[in-house]
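Read the structure below first, then the notes.
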Amino acid sequence: MDAAQILLVGGGAFLAGGMNAIAGGGTFFSFPALLAAGVPPVMANASNTVAMWPASLSSAWAYRREVSRHPRWTLLLVLVSLIGGISGSLLLLATSNAAFSRLVPWLLLVATSLFAFSGQISRGVAAAKARLGLGAKAAGTPGGVGGLVFQTIVAIYGGFFGAGMGILTLAALAIQGVDDMQELNGLKNLTSAVNYTVAAATFIIAGAISWPHTLLMIATAMAGAFAGAAFARRLPAVWLRRLVVAVGGVLSLIYFIKTYA
């Protein structure tokens, strides 16, 4: 990497770490930075997954008490996240760079839309739970076959691309009868950590990683996470979410033009 690429990739990962620590959406910064640095699309996505993996482990550990309330159901979530993460990562490795390049703008658009309309998604989930009579499950053991199938699909998507996975996971968990926000966040962090771990291991074993880019991103993303936590105290969360949506929208448009124009 030359100096310009180091600044580009390191800066993108720094912003990604900061945004993930504050409001999520960090992939909108780190993944396009890798593409702009000339990393092939499949390798860029794999490298980005490995670079963001350490932070997912620390987030899951921070919520270890919340995820221990329903151990048997949590184990099922871990298993489907494991299966989905492996399936999604293998699907990515089986996808050519040309095919994945054509998918990138659509994936960015889907992820941006999920992030932008997360409030509406949450309200829709709550309304669906009320209609289906799922709210009472929160007092007992949550879970259900439909919810686990949904979570498996989310895990496959996470292993394949990952942006917006957190919002989809929260929706899947809420449908399964969890109302407590701390428990929701803890389970989301746990399943995301499992997904990142198996996907990262798959990409490393397959030799799909650009290590110079990945190691740089791990270091700068961790620095960004610390800076992001401090910055969050000064800037309202709503403006951070708007920034993520704006960046995602602009990047989606750029990649649609680059890919299909």
Side-chain angles (χ1 to χ4, degrees), residues 20 24-27 45 49 52-53 55-57 59-92 107 110-115 117-203:
N20 283 341
T27 297
N45 195 42
T49 296
M52 298 298 128
W53 168 52
S56 72
L57 295 179
S59 297
W61 178 254
Y63 278 90
R64 59 191 180 278
R65 281 186 291 183
E66 284 77 6
V67 303
S68 64
R69 294 174 183 173
H70 307 290
R72 292 179 64 182
W73 181 61
T74 300
L75 178 60
L76 286 175
L77 289 176
V78 168
L79 288 175
V80 299
S81 297
L82 181 70
I83 294 169
I86 293 173
S87 301
S89 57
L90 291 175
L91 181 62
L92 176 68
L107 292 169
V110 168
T112 302
S113 301
L114 288 171
F115 197 89
F117 297 104
S118 58
Q120 290 87 334
I121 291 172
S122 297
R123 289 191 289 272
V125 168
K129 285 171 58 183
R131 286 195 299 269
L132 296 173
L134 296 176
K137 274 193 170 187
T141 301
V145 175
L148 288 175
V149 171
F150 187 9
Q151 180 60 35
T152 303
I153 295 171
V154 172
I156 293 172
Y157 171 82
F160 185 76
F161 188 55
M165 178 176 64
I167 295 167
L168 284 171
T169 301
L170 288 174
L173 293 171
I175 282 176
Q176 294 177 77
V178 181
D179 288 331
D180 182 85
M181 192 59 212
Q182 293 301 322
E183 187 175 358
L184 268 174
N185 209 32
L187 289 169
K188 182 261 293 180
N189 288 341
L190 175 63
T191 55
S192 296
V194 172
N195 193 282
Y196 271 116
T197 298
V198 296
T202 302
F203 296 146

Does any non-hydrogen side-chain atom of [Y] lie less than 4.5 Å from one of [X]?
| X | Y | value |
| --- | --- | --- |
| Leu107 | Phe160 | yes |
| Leu190 | Thr74 | yes |
| Leu57 | Tyr196 | no |

Between [atom1] on residue [X] and [atom2] on residue [Y], distance to nearest 0.5 Å:
| X | Y | atom1 | atom2 | result |
| --- | --- | --- | --- | --- |
| Thr49 | Phe161 | OG1 | CZ | 9.0 Å |
| Leu148 | Leu79 | CG | CG | 9.5 Å |
| Thr152 | Leu76 | OG1 | CG | 10.0 Å |
| Ile156 | Gln151 | CD1 | CD | 10.5 Å |

ask   = Can you check side chain to side chain contact (heavy atoms under 4.5 Å, CB included) on Leu187 and Trp73, steps first, answer last?
value = CA-CA 11 Å; Leu187 289 169; Trp73 181 61; 3.4 Å; yes

Give the minimum heavy-atom separation between [X] and [Y], together with the two atoms involved.
| X | Y | result |
| --- | --- | --- |
| Val194 | Val78 | CG1-O, 3.8 Å |
| Ser81 | Asn195 | O-ND2, 4.0 Å |
| Gly159 | Ala199 | CA-CB, 4.3 Å |
| Val80 | Ala155 | O-CB, 3.9 Å |

